[in-house]
Amino acid sequence: KNRRTTSHNSYKNPFILLCPVYHEETNILRFYNQLKKLKYPTNKYDIYFITTEREKLTPAVGKNTIEILDALKMPNNFYIIHYPYTQGYKAEQLNYAYKNIIRNYKNIDSIFFALLDADSDVPQNYLHNINDQIVPNIQVYQQPVAWLRNFNQLSNFSNFGIPECWAILKVFLCCKPTFLLRTKSQ
């Protein structure tokens, strides 16, 4: 096999985690606390919560997601980007954030982007697992639609013709990122 993995000691790959939020009042503190517990060097990843002006159109019971995030004392590698429009949905939030984020990084084409929803369960070793599964020259990794909690019981099937990409995707089954992407400078 020509697959090369890295060790936990190398911390080779930098990451940007994009977290679009909209009326996540019940999930945001749990999600935020899980992200704070990530075991990966903080100089190798940044987290962006992407809020939206649409949230202000429909009142929340108590504080809304924007107010909850604004009240938190965030680590130095956590940021909030506010999408200032009421039109548009998650895709527009992400595009707006991405355009603003890429201006602030040198070597943006060497950074992997991951998309996480606030209802994701993010284990402490999430970035280690992804780092260890990255294969040179692969630009996009995508999680299968199915959520499998019994993957370890199914892993014996890899000898029966399941494509090698299945093993690469195994790491994503520990939580629910929609994609992981390495950009190319334009």
Would you kindly confirm whether [X] and [Y] end up in one hydrophobic cluster when ILVMFWY residues are joined by side chain heavy atoms under 4.5 Å apart?
X: Ile66; Y: Tyr96; result: no
X: Phe49; Y: Tyr89; result: no
X: Ile28; Y: Tyr22; result: no

Donor-acceptor pair, side chain of [X] and main chain of [Y], under 3.5 angstrom:
X: Asn64; Y: Ala60; result: no
X: Gln124; Y: Leu38; result: no
X: Gln34; Y: Phe31; result: no
X: Arg54; Y: Gly88; result: yes

**Request:** Please find out if less than 6.0 Å separates the ring center of Tyr40 from that of Tyr126.
**Result:** no
**Request:** For residues Tyr85 and Tyr83, establish whether the separation of their ring centroids is below 6.0 Å.
**Result:** yes
Between [X] and [Y], is any pair of side-chain heavy atoms under 4.5 Å apart?
X: Glu92; Y: Gln87; answer: no
X: Arg30; Y: Asp121; answer: yes
X: Glu53; Y: Gln93; answer: no
X: Lys90; Y: Asp117; answer: yes
X: Lys39; Y: His128; answer: yes
X: Ile81; Y: Thr51; answer: no

**Exercise: do Thr65 and Glu24 side chains pair donor with acceptor under 3.5 Å** = no
**Asked** Between Arg103 and Asn100, do the side chains contain an N or O donor and an N or O acceptor separated by less than 3.5 Å?
**Response** yes
**Item:** Minimum-distance pair of heavy atoms, taken over all atoms of Lys44 and Lys12
**Value:** NZ-O, 3.7 Å
Identify all side-chain donor-acceptor contacts of residues 68-79 below 3.5 Å with residues at least two apart in sequence or on another chain.
residue: Asn77; atom: ND2; partner: Tyr45; partner atom: O; Å: 3.1
residue: Tyr79; atom: OH; partner: Asn76; partner atom: O; Å: 3.2

**Prompt:** So with a 6.0 Å cut-off around OH of Tyr105, is the heavy-atom count from everything else above 12?
**Reply:** yes
**Request:** Could you grab the distance from atom CG of Asn125 to atom CG of Asn131, nearest 0.5 Å is fine?
**Result:** 11.5 Å
**Request:** Go through the steps to decide whether Thr58 and His23 satisfy the test side chain to side chain donor-acceptor pair (under 3.5 Å), and finish with yes or no.
**Result:** CA-CA 9 Å; Thr58 53; His23 281 301; 2.6 Å; yes
